[in-house]
Protein chains: 4
Amino acid sequence: MTQIGIGVIGAGYMGKAHSVAMAAVAAVFDTALRPVLEMICTTTEAGAAERARQFGFARATADWRLLVDDPKVQAVVIASPQHTHMDIALVALARGKPVFCEKPLGLNVAQSRAMVAAAEASGCANMTGFNYIRTPASQLARQIIAAGEIGEITYFRGEHTEDFLSDPNEPANWRTEGLASGAMGDLAPHMINAALALAGPIDSLIADIATVHKTRPSPHGAVAVTNDDQGQFICRFANGAMGALFFSRTAKGRKMGYAYDIYGTKGSLRFDQEDQNALWLYKGDAKADRQGFTKILTGPDHPDFKAFCLGAGHGTGYQDQIIIEARDFLQAIATRQPVWPTFRDGMLVNQVIEAARQSHAGRRWVDVREV
Amino acid sequence: MTQIGIGVIGAGYMGKAHSVAMAAVAAVFDTALRPVLEMICTTTEAGAAERARQFGFARATADWRLLVDDPKVQAVVIASPQHTHMDIALVALARGKPVFCEKPLGLNVAQSRAMVAAAEASGCANMTGFNYIRTPASQLARQIIAAGEIGEITYFRGEHTEDFLSDPNEPANWRTEGLASGAMGDLAPHMINAALALAGPIDSLIADIATVHKTRPSPHGAVAVTNDDQGQFICRFANGAMGALFFSRTAKGRKMGYAYDIYGTKGSLRFDQEDQNALWLYKGDAKADRQGFTKILTGPDHPDFKAFCLGAGHGTGYQDQIIIEARDFLQAIATRQPVWPTFRDGMLVNQVIEAARQSHAGRRWVDVREV
Amino acid sequence: MTQIGIGVIGAGYMGKAHSVAMAAVAAVFDTALRPVLEMICTTTEAGAAERARQFGFARATADWRLLVDDPKVQAVVIASPQHTHMDIALVALARGKPVFCEKPLGLNVAQSRAMVAAAEASGCANMTGFNYIRTPASQLARQIIAAGEIGEITYFRGEHTEDFLSDPNEPANWRTEGLASGAMGDLAPHMINAALALAGPIDSLIADIATVHKTRPSPHGAVAVTNDDQGQFICRFANGAMGALFFSRTAKGRKMGYAYDIYGTKGSLRFDQEDQNALWLYKGDAKADRQGFTKILTGPDHPDFKAFCLGAGHGTGYQDQIIIEARDFLQAIATRQPVWPTFRDGMLVNQVIEAARQSHAGRRWVDVREV
Amino acid sequence: MTQIGIGVIGAGYMGKAHSVAMAAVAAVFDTALRPVLEMICTTTEAGAAERARQFGFARATADWRLLVDDPKVQAVVIASPQHTHMDIALVALARGKPVFCEKPLGLNVAQSRAMVAAAEASGCANMTGFNYIRTPASQLARQIIAAGEIGEITYFRGEHTEDFLSDPNEPANWRTEGLASGAMGDLAPHMINAALALAGPIDSLIADIATVHKTRPSPHGAVAVTNDDQGQFICRFANGAMGALFFSRTAKGRKMGYAYDIYGTKGSLRFDQEDQNALWLYKGDAKADRQGFTKILTGPDHPDFKAFCLGAGHGTGYQDQIIIEARDFLQAIATRQPVWPTFRDGMLVNQVIEAARQSHAGRRWVDVREV
């Protein structure tokens, strides 16, 4: 049994999720490498110590460089704010340490490219944190498509819609400034990653992006919102299929609207993360009077399900996605083989977002490969 | 009790639906004008006679001009192929007869404009046949929006997806040629009409249109498909809201995918014609821990429902939509007041389609008002 | 073309529905016999005249005996209050006239037996009005079961739940008195009929029946409710399958909860009238990782659908069920062959209700065949 | 920070789930007591050692008495076969150790009563493992009912249906013998516990129980199935409400059919574990034309959700329920206050099952309080 010392940077929502995942993953999946919660880092020493106690880390720090340099920290999970990702990753990789980095990988495509270059040069395991695509249902969707069961994809519709900023009276906060925390920066990555994973590369797109509520209250009066509330694009995939993607944090009523409809020449798929344990499959070759969408409840016959529960329909949840990510990160380290989605996959998402921004600015179709 | 002689041109699917509607509407709605099924017209004399017998018309003809000229025919329903709409309508209006014309109104915006001009000059009642918007659920959606219950609309997503040509081995037929019978010509009108009715005028759009299956088998070998299988556009409405519309006849598994999601500043609406008796409403002002989409089953408290059944959830269907159209047409005639959707409303739909075609051809945003 | 004069007794909700159906059925189904709306009867001469005008009947009366005796009335539809069914039916049958009678057939099993005896002795067409089982979806369920697709039935759960008397402040009305208008008398018949049609004869049952709101307001103060608000029983079918049926008019939120789940050795079915255009089918022989309930949208490949609309998912509604009943009644008359459900089928439903009442009174299992 | 040594007996499905829960719970909930995985017990020494390694326990044993006696084991989780529950619990309680015992508590009501007596005499924390009622959705249902939001309950329908033995060719196994592993013994406890928690005590019931597939293949030919495949009862709750409960392991297509419909005088609730992150609420006081069931997606405003994820709709799963149980067990130990559901609550479930068995045998209504 080989242990591996884990350092987690960031102790907010995602830092906690990754910490819990590292505590649980070996028992859930009987991984070859078994995490030891070595050190956690957050903004203050006191806060870090408190989180270390709660999450079960041996040590704590407020200086990520200490964590990255620590000899007992053998792998690094970056769950800190987006503008810190690149710096941390570059140092960790320079130290020869595997890095798991939350999405979006870099603040922009240039940062992400630098991270990819460093990761690939280092030979270290590197992954980007796209957790929603890890549900058994979305993994099953990928399998069904790969097996040709729905034929050639002809249309892909995806959305990532939530409503946490739908109320115009919601005060300004860190989410209402900075491109990486707007709808295009914060929500689009998940669904763009899904689109690429499910329907393949995007060739070209035309986008429209908007700030729905242009100012928000603050203790100092109304302040301008400096990033986008919603964005969308239509596109063509490399195989010729059409696509349409929509991202919004003002989609009233949508709580986790990570959803896709995929039409193919032989069948189709529908999924909505708000009911994450079901995948809807339509097979065109069914008898005419018995056709319809079949609601497949994920179960032990589907990817990564039976580690969590033996009965179909018993259900996995958000935290389980993070545990699956942890399993994959440990496996990438143990086997020294890249495991999807790597930093490169994270960078490809930045590239599409960048293309969308250029398209919106120029009101024109943009070739994604030229961004 | 005032009777009115009805002539129906076309005895296929829609001709039958309108004939049944005219036979039932007075009993259902106790209309002021009571239809007499005076004459039906289809391509052959024998066919017309046979249909007259089945549908209960007094007389039959294979010549639409005879029908239009007949003094006992006091109102005309056009349910014949799309290329015939304008000629028939112009003659009927010239005779001073009210005209109900199936969608798409004309083959293109020029034809539709001619029809609007003739209709408005004549002073005759004129309506375009957009039946799906007549369900109690979609009428309720319009009421909810008009009452401001979901606030200002911020996003509209609409689709009209079916799969009747999703199989590449489906032989070429009349639907695979002629722009008016492609996805943009045949399916788009319904959902564009819905978008205009629900979210208001469209200012600008950018579209992409494609023929998924470029040839189809025929008795003479593979022949080219000369119209589109699917099309989509993103747009901005006059109020600034974003929109995305998609139309397809190759959307495997979708049978009547006339569906919309509408987000507003105070709430949202979701609807899918495949479950036409339900409208999903989300109200942002509900208590945080009791929020969610409410599935409203249409019932006697909703528009036009109780004429068909007294109990909520008992359900109306496709034929009932046509009966509601007949009621409105009779009312427009009786009251000499326009009833929505008039020819002008039909023309506005052609205008958006034309804008989409120009946009696709030019790969650019198009101002709809300039088309 | 043979016409047949129709007399309808009752001009309320059901009388209207049958009148509309008789006006539309020939056009919809091209029936061999074509109804002529000859006479309608309701409680006052003025009311009858008014309804005749609206529904399109040639004549009106307030005396059902006049209608039944009228030589131009060749078939009788009974849609009047339940306590009048037997008397009218017996006279009509004695005149040799076919009778369609709304459910419940008689007030009790004794009345229904008398009606069956008269009907069978007369040789006249006779039918009982169970409309909900006529949807394309429920007809498809019957086909699937008959074809053995779900194997031997092992469990049947049915309910007919509505909430029109769920509010204790709803005043007393005709529905709150008389056993035939309580939940067991008024709602149970539809679902018991469905159970018999779908799962076969019921051998034995044990029931529990209750009045939830024991008094209701009236202009004269609180008055006692003299019939039941809800009832249920568990049972064994002749094939050994277990069953559970529930009927309620106080099931808050349920508007048309005519719903069943049927489990068999090879598959299962689920249906809810609130989404009447879908039937959910599970096939046990599907591949383990592709199993699930398939939502079959009714369409032209299913029973009686294509007369109303050509596209799957376009949907039929409540009124269409009544048109299907009219088609069957005309066919029974034309062919002189019984068409299900006959008076005998209506009587079998009364028998189960009677068994349930005896069981409730005696707090014991009752053998239905001995009632 | 106070640690507590945990011993888990049983290393199968449930043993794993509880082990993972104990590893994760402190990080998830920041519990006052922090579990140390001290020892695990399963049938062989080698197996126990292997599980200890995977799950992260310090030590392993094949003798549960050693585990219970071990001074470092300060609390015991019983996840071993049902016939072992009582013996283990009695010894552990005699040693003054808190016990969490999987359902069903004892093999029968007599065993459970002995366990309750021992637990209550010992003053030790004691809980029964009903995990499904721990979802945020079902906890919310309890809150809504307790707050009177749906008024007085008038009807409760519950089922726990699965299909793992629906195929008659599925070989005989340990589940097909022993009353505690049949549908009534294995599935009924969860839903009976839900019924008691949601609708209150059951006064009386009448049951029917059956073995659908009476023999099953085995290596030695067909063998008799000695327990039940399905069972059901109708009942009256102490408040007068009617109930109906159904349990089946042969309900084709149902994977986790733990579902309930609850009707009250002011509203109603619907839930199905197959979509465990949604609770459907109907409020009778909504405006007539805006009424309907609201699909509440569980989120941070609902019980125990935000420890797992901050966004509504992001979803919890099966493993999370077990973590919630662990939190409660630790809290009961730390606070020395009983936490629902205790052994007594587990015993009350046995009592209802026993009443159902007596009712079935005697074909009569049974007063639950007299069992």
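Residue numbering restarts at 1 for every chain, and letters A, B, ... go by the order of the sequence lines. Side chains are part of it too, since the values below use all heavy atoms of this structure and drop only hydrogens, waters and symmetry mates.
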Problem - Which atoms of F164(B) approach chain C - backbone, side chain, both or neither, heavy atom under 4.5 Å - result: neither
Handout entry: Of N131(B), N193(B), D186(B), the residue whose pairing with K103(B) passes side-chain hydrogen bond (donor to acceptor under 3.5 Å, both in side chains)
Key = D186(B)
Problem - Side chain to side chain, Y132(B) and M256(B), heavy atoms closer than 4.5 Å - result: yes
Problem - N/O donor-acceptor pair under 3.5 Å between R34(B) side chain and R53(C) backbone - result: yes
Problem - Part of E274(B) within contact of chain C (heavy atom distance under 4.5 Å) - result: both
Exercise for the section: Would you mind checking if D320(C) and R134(C) are paired as a salt bridge, meaning a charged N to carboxylate O distance below 4.0 Å? Expected result: no
Handout entry: Q319(B) side chain reached by T316(C) side chain, heavy atoms, under 4.5 Å
Key = no
Exercise for the section: Using a 4.5 Å cut-off on heavy atoms from C-beta on, say whether the side chain of F29(B) contacts that of I324(B). Expected result: yes
Handout entry: Side chain T61(B), main chain L67(B), donor-acceptor under 3.5 Å
Key = no
Practice task
Anything in residues 299-315 of chain C with a heavy-atom distance to chain B below 4.5 Å? Please list those residues in order.
Solution key: A307(C), F308(C), C309(C), L310(C), G311(C), A312(C), G313(C), H314(C), G315(C)
Problem - Y258(C), part contacting chain B, at a heavy-atom distance under 4.5 Å - result: neither
Completion exercise
Bottom line for D275(C): the part with an atom under 4.5 Å from chain B's heavy atoms is both
Problem - Any donor-acceptor pair under 3.5 Å from R327(C) side chain to D30(C) backbone - result: no
Practice task
Report the option among N277(C), L297(C), T31(C) that has the most heavy-atom pairs separated by less than 4.5 Å from atoms of chain B.
Solution key: L297(C)
Practice task
Could you check if a side-chain atom of L269(B) sits within less than 4.5 angstrom of a side-chain atom of L279(B), using non-hydrogen atoms only?
Solution key: yes
Exercise for the section: Select all residues of residues 17-28 of chain C having any heavy atom within less than 4.5 Å of some heavy atom of chain B, and report them by number, or 'none'. Expected result: V20(C), A23(C), A24(C), A26(C), A27(C), V28(C)
Fill in the blank from the handout: If you tally heavy-atom pairs under 4.5 Å between each of Q273(C), Q276(C), K16(C) and chain B, the highest tally belongs to K16(C)
Handout entry: D163(B) and its salt bridge (charged side-chain N to carboxylate O under 4.0 Å, His left out) partner, picked from R249(B), K255(B), K252(B)
Key = K255(B)
Handout entry: Pair Y282(C), Q291(C): side-chain N/O donor-acceptor within cut-off below 3.5 Å
Key = yes
Handout entry: Non-hydrogen side-chain atoms of T135(B) and F271(B) separated by less than 4.5 Å
Key = yes
